[in-house]
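Data first, discussion second: the structure below is written as structure tokens.
Predicted, not measured: the structure shown is a model, and the values here were computed from it. Note that ligands are numbered from 1 as they come in the structure, with each ligand's atoms numbered from 1 the same way. Numbers here simply count residues along the sequence, with the first being 1.
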Amino acid sequence: MTAFEELAVIPELGEAVAEIGWELPTPIQSEAIPAILGGGDVLIAAETGSGKTGAFCLPVAQIVWEKRKEVLEPHSGTDCKEWKLNVMDRDGGLAVDRSGMVCESRAQKIWNGSRCRGGVHSKGKYYFEVKIENDGLCRIGWSTLSATRQLGTDDKSYGFGGTGKKSHMKRFEDYGESFTVNDVLGCYLDLDNLNIWWSKNGKQYPVAYSIPPKMRDPANALHPSVLLQCSALHLNFGETSFAFPPGGSFVGVSQASSDCQSWYSEDLSQLARIDLSNAPLCVVLEPTRELVEQTHNNLVLFGKKLTNPPIRSRLLASGVPIKQILTEIEDGADIVTGTASRILDLVENDALSVQGLQFIVIDEADHILGDRAMASVLNRLMEKLPRMASDGSRLQVIVCSATLRNASVQRFADHYMHFPQWIDLKGMVSVAETVHHVVCPVDAEADKQWIRIMHTKNRLEDDFIHRDDEIRPGTRHKETLSLGTKILKGIYVLRAIEALNMVQAIIFCRTKQQCDQLETYLNQNGKQSTCLHGDRAPQERSRALASFKSGETAFLICTDVAARGIDVSGIPFVINVTLPDDKAVYVHRIGRVGRAERMGLSISLVSTHEEKVWYHKCATKGVGCHKTRDIKENGCTIWYNEPKLLAEVEEHLGVTIGHVNSDFQIPTDEFEGRIIYGAKRTQSVTFEGHARSLAASVGQLSDLERSLQNAYLLSVTAHYEKIAKTVK
Ligand SMILES: Nc1ncnc2c1ncn2[C@@H]1O[C@H](COP(=O)(O)OP(=O)(O)OP(=O)(O)O)[C@@H](O)[C@H]1O
């Protein structure tokens with residue numbers, strides 16, 4: 001049995017991950033996989049590179065596969081004799097979770113009901129409990145299979161409602177007390193004496209109804225029943241211990257002897273069957289095309305051993321011809337991965353059915369929800385999804401986020417998730433131990449070598465932002481130092497590459513134009529580079545990523561499009577040519593290294609002087625824009641203050657980031673010496689490192705010894721002084 005199977009992962013998936021060399025689940029996988037397999041809504045946060053993709057892909061693949069298998073072997077689904085709410089016998093607005101013990105209706109002003117699969121007849125004393133999980137209206141009690149689901153409105157059903165009224169044949173009468181969220185109601189049925197009554201939090205009320213003897217007939221078997229309006233309930237039919245055991249000779253309804261049990265049979269179902277065997281069961285949303293592709297590839301990899309039926313995972317990314325997408329969807333899809341806008345587009349055009357949906361996974365949720373346009377598309381999509389699947393189970397929502405301490409994520413959870421489990425392995429924002437990060441100050445006033453090349457062609461261009469400025473080399477003129485910084489940053493990138501023998505690195509720039517210019521500059525200087533940003537065509541972006549992943553291209557230059565989630569194993573270095581203006585993005589950028597236990601180093605070039613940068617407010621969003629004045633003067637530029645941004649990052653992480661000089665000699669005492677970036681972290685410790693790690697304890701020991709010796713000497717001196725006094 002693999003370690004993954006101990007988390008209830010099926011052997012087929014266990015084998016697939018073993019083949020890619022995963023021996024042990026990561027901490028987030030250990031927590032999230034069982035939670036998702038359990039059927040609940042889950043929010044996940046863990047640091048970059050901690051294996052979140054596997055944490056949701058594995059259980060999703062498993063559940064989807066099991067569902068499809070269930071359809072191939074229908075007996076396990078519809079005729080089962082289990083004490084749970086019957087998804088075939090429920091109103092359309094009522095959602096029932098996979099356990100059949102939790103139900104919810106969010107509909108306002110409409111009653112939605114359901115019944116338990118099992119019922120009882122003939123004789124005996126039976127009990128079940130209901131915990132009110134959500135404020136709202138509900139009625140609970142007993143009904144026969146021929147009663148309507150509007151509990152208490154005909155002669156075959158008996159209900160007790162939250163307003164403190166019992167009901168039968170539409171007659172509502174005061175009974176017991178009102179009840180609300182967190183109250184536990186007990187439902188008593190005494191078939192021996194033909195009585196029904198209820199209790200609240202263990203306090204029993206008098207008999208509510210004396211039922212006619214015909215209710216003992218098997219044809220009139222009474223089934224636990226519920227009716228809800230904007231409420232949620234948790235039921236217990238006696239398979240687990242009761243909060244308030246009924247006492248006497250009452251037993252949980254699930255303990256009824258087999259000759260007193262009655263079961264819902266499928267031929268009673270009047271429900272029309274819709275064929276949803278080709279509609280997807282799961283949608284996975286990613287913010288960028290690259291992540292869509294990456295997650296899709298993971299799903300394909302994990303699903304390799306799942307056969308009979310195989311898992312049909314579909315890639316709905318821009319760049320894949322729409323004709324191909326439509327054909328694939330028509331051929332049948334089990335899991336679709338795409339951006340919210342692509343999925344919404346297909347749903348709105350009736351090209352993708354969401355009627356069979358069981359799951360939605362929203363990866364990088366803080367990013368999606370933090371972007372107004374993406375958030376609005378996501379909300380529109382969410383509104384289009386059925387809150388429950390075709391089989392009556394509730395839509396399971398899984399959210400992955402860099403941080404769960406985020407108001408928009410919280411709002412999303414409150415609105416769309418059902419009692420979600422929060423798995424937060426981050427606590428404080430932190431950087432993985434395998435990621436080292438340093439800052440290299442760039443001071444165009446102190447380091448004047450940029451002046452020598454400023455009029456040559458072999459220099460990093462300046463985004464053409466200084467084209468209208470008067471540049472006066474050798475002065476402290478703001479624009480001059482800003483231009484100097486930009487050219488100097490190019491020189492430093494080249495120098496860092498050489499000094500640290502970088503074979504591969506991801507280099508982040510602030511703008512698409514800057515990426516293009518750095519690509520030209522590096523290629524011109526013999527450093528093979530490629531670009532990944534939003535202005536490049538999808539195929540070009542795919543090619544760029546593929547050639548970088550294969551090692552064919554050494555340097556991938558990108559905007560923050562690649563900061564999140566992109567997983568290229570063993571990347572040794574990240575260079576930030578400009579710091580991002582969002583501290584969370586910094587954590588994501590540097591998290592591109594130090595993944596899967598490999599060591600990585602991130603270097604941020606931080607200008608000591610303010611740098612003039614584009615900040616397009618214009619309609620064209622920068623295309624053909626020449627407004628190089630400050631935004632305060634109706635232009636499209638701002639002054640970028642990197643020391644301030646650095647201070648924000650440091651405050652966010654609660655650390656002071658070490659500095660290196662422009663020779664990029666990483667001090668060996670800084671990071672335990674002799675680390676090979678890109679290689680697996682080893683447990684071997686250098687002598688110096690070992691001595692340093694012991695230094696504090698040795699110091700403490702020596703202090704202790706000194707105070708012990710002093711105490712001894714003091715006591716000896718006192719002793720001899722005492723003797724001396726006595727002798728005198
Ligand atoms: N159990 C495991 N054993 C070994 N390697 C693993 C395991 N789980 C994941 N990995 C590897 O770790 C790397 C990072 O995983 P993944 O991309 O899922 O991280 P992440 O938490 O989603 O990161 P990010 O926040 O940056 O998106 C991948 O290369 C993946 O193959």
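Numbered from 1 in the order shown, with element, the atoms of ligand 1 that lie under 4.0 Å from a heavy atom of Thr26 read 1 (N), 2 (C), 7 (C), 8 (N). The distance from ligand 1 to the heavy atoms of Glu364 drops below 4.0 Å at these ligand atoms: 27 (O). Listed by number with element, the atoms of ligand 1 under 4.0 angstrom from any heavy atom of Gly49 are 14 (C), 19 (O), 20 (P), 21 (O), 23 (O), 24 (P), 25 (O), 26 (O). Of all the atoms in ligand 1, the ones that sit under 4.0 Å from a non-hydrogen atom of Thr53 are 16 (P), 17 (O), 18 (O), 22 (O).
Using bins of under 30°, 30° to 60° and over 60° for the plane-to-plane angle, the ring pair Trp614/His616 lands in the parallel bin.
The shortest N or O to N or O distance between His588 and ligand 1 is not under 3.5 Å. Remark: ligand 1 and Gly21 share no N or O pair separated by less than 3.5 Å (distance only, no angle test). Between Ser50 and ligand 1, at least one N/O pair is under 3.5 Å apart. Any N or O atom pair closer than 3.5 Å counts here, and Phe4 shares no such pair with ligand 1.
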Using distance only, find each side-chain donor-acceptor pair of residues 338-346 under 3.5 Å and give its atom names and separation, not counting sequence neighbours.
residue, atom, partner, partner atom, Å
Thr339, OG1, Arg342, N, 3.4
Asp345, OD1, Asn349, ND2, 3.2

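Residue contacts with ligand 1: Ala46 is excluded, as none of its non-hydrogen atoms falls under 4.0 Å. Within the structure, the closest approach of Gly591 to ligand 1 does not fall below 4.0 Å when heavy atoms are considered.
Here the OG atom belonging to Ser602 is positioned 11.0 Å from the CZ atom belonging to Phe573, to the nearest 0.5 angstrom.
Between Gln410 and Asp414, the side chains place a donor N or O and an acceptor N or O closer than 3.5 Å (distance only, hydrogens not considered). Residues Ser542 and Arg289 have side chains that bring a donor and an acceptor to within less than 3.5 angstrom of each other. A donor and an acceptor atom, one from each side chain of His652 and Tyr586, are nowhere located under 3.5 Å apart. A donor and an acceptor atom, one from each side chain of Thr511 and Asp463, are located under 3.5 Å apart.
Listed by first then second residue, pairs satisfying salt bridge (Lys or Arg N to Asp or Glu O under 4.0 Å) with a partner in residues 300-309 read Glu15-Lys305, Glu19-Lys304, Glu19-Lys305, not counting sequence neighbours.
Contacts between Leu24 and ligand 1 below 4.0 angstrom, taking non-hydrogen atoms only, involve the backbone exclusively.
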